[in-house]
Each structure stands twice: as structure tokens, then as C-alpha cells.
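To keep things clear, I will list the structure first and then write my remarks on it.
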Amino acid sequence: MTAKLRNRRVFSTRPVARSAIATALVLLFSQSGAAVGADQGAQLAATCASCHRLDGHDKGIPPIIGLGEQRLSSALLAYRGSESPNHIMHAIALSLSDEEIASVARYVAAQGK
Ligand code: HEC
């Protein structure tokens, strides 16, 4: 009895990059959710900075430096509620509480001054 046990390729190479990025973002924001006080805005803004450069010199992605606090928070609320359709910002805004939106908007708005 010679059963042919050949090594089969059991690992398929699916494109998982997208979900990996999504997972990373979720982890990022669930951790930052634990931040408290004045540091919260700064910590949240650090996560924004991976896409929006905080020196205001963005290419491709619209800059968020120079936008007022009101404009920032209403944009985030609109993304969270899907009124502004953008997959990336919707996912990000969904992970933010009202309080987190307020503190990141306050912090980012202060960077433009
Ligand atoms: C993974 C990349 C990424 C991250 C991280 C990210 N953004 Fe964005 N953001 C984008 C893209 C792309 C757009 C443009 C979306 C569109 O066209 O509507 C955008 C748009 C915006 C806008 C609208 C700008 C305008 O002029 O209308 C605001 C405000 C904004 N982001 C704030 C934030 C804040 C605050 C954070 C951090 C909490 C953040 N973003 C994190 C990619 C990102």
C-alpha cells in the first residue's frame, strides 16, 4: 500500500493587503481610544498623519491643516454618517467617538495657527 502523499499547496496567495490595512487601522484606533485628556487629540492626529501630512504639504490626499475646528469635526461627522462617501474616511470616522472627533478636530485646527 503506497499512498501517494504529496505535499499540496495548501496556502493560496490571496490579496490580503486590503484587509490587513483595514485591520491595522482598527487596531490603531482601538488603542488610541484609551487615550485620555489633552494627549488624546495629539495621539489621534498622529494616526491621521500617516495619510494627511501635518505640515500641510499633502499630495493627492487633501490637506487638513488650515481647516478650522468646526470644518474638521463636521467633515468627520459627515464621513462617519456616510454623507460624504469615501471608504477610507468612513472607516476611520466610524472608529471615532463624538469626543474623539472633537479632540482631534481641536488639535489639528490648532496646528494650522
Ligand atoms: C488611510 C489614509 C487616511 C487616514 C489615516 C486619514 N485620512 Fe482623512 N482623508 C483621506 C482621504 C483619501 C481623503 C479624501 C477623501 C475624499 O475624497 O472625500 C481624506 C479626507 C479628509 C478630510 C476632508 C478634507 C476636505 O478638504 O474635505 C478630513 C477633514 C479628514 N480627512 C480628516 C482626517 C482626520 C482628522 C484623520 C485622523 C483621525 C484622518 N483624516 C485620517 C485619507 C486618510
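In each ligand, atom 1 is the first atom listed, and ligand 1 is the first ligand listed. Note that the numbering runs from 1 along the sequence shown for the chain.
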(message) To check your reading of the site, what angle at atom 8 (Fe) of ligand 1 do NE2 of His52 and SD of Met89 form, to 10°?
(response) 170°
(message) Looking at ligand 1, is there an atom of it that comes within less than 4.0 Å of some heavy atom belonging to Ser84?
(response) no
(message) Would you say that Ile101 contacts Leu44 through its side chain, given a criterion of any heavy-atom pair below 4.5 Å between the two side chains?
(response) no
(request) Sorted by first residue and then second, give each side chain to side chain donor-acceptor pair (under 3.5 Å) pair with at least one member in residues 81-92; sequence neighbours left out. (result) Ser82-His90
(request) Assess Glu100 for proximity to ligand 1: is some non-hydrogen atom of it under 4.0 Å away? (result) no
(message) Using heavy atoms and a 4.0 Å limit, tell me yes or no: is Val108 in contact with ligand 1?
(response) no
(message) Once salt bridge (charged side-chain N to carboxylate O under 4.0 Å, His left out) is applied, what residue pairs with a partner in residues 43-56 remain, sequence neighbours excluded?
(response) Arg53-Asp55
(request) Starting at CZ of Arg106, measure out to CD of Gln40 and round the result to the nearest 0.5 Å. (result) 8.5 Å
(request) Give the atoms of ligand 1, by number and element, whose distance to some non-hydrogen atom of Ala75 is under 4.0 Å. (result) 29 (C)
(message) Under 4.0 Å from a heavy atom of Thr47: which atoms of ligand 1 are those, numbered in the order shown and with their elements?
(response) 5 (C)
(message) Regarding atom 37 (C) of ligand 1: of the candidates Cys48, Ala105, Gly60, Ser50, which has the closest heavy atom?
(response) Cys48
(request) Please round to the nearest 0.5 Å and tell me the distance separating atom SG of Cys48 and atom CD of Gln43. (result) 12.0 Å
(message) So if I count the atoms of ligand 1 from 1 in the order they appear, which ones are less than 4.0 Å from some heavy atom of Cys51?
(response) 1 (C), 2 (C), 3 (C), 4 (C), 5 (C), 42 (C), 43 (C)
(message) Side-chain heavy atoms nearer than 4.5 Å, only ILVMFWY residues, links allowed to pass through others: does that put Ile88 and Leu72 together?
(response) yes
(request) Taking Arg80 for its side chain and Leu96 for its backbone only, find out whether a donor-acceptor pair lies under 3.5 Å. (result) yes
(message) I'd like the name of whichever of Ile64, Ile61, Leu72 reaches closest to atom 30 (C) of ligand 1 through any heavy atom.
(response) Ile64
(request) Pull out every atom of ligand 1 sitting under 4.0 Å from any heavy atom of Ile88, numbered as shown with elements. (result) 1 (C), 2 (C), 3 (C), 42 (C), 43 (C)
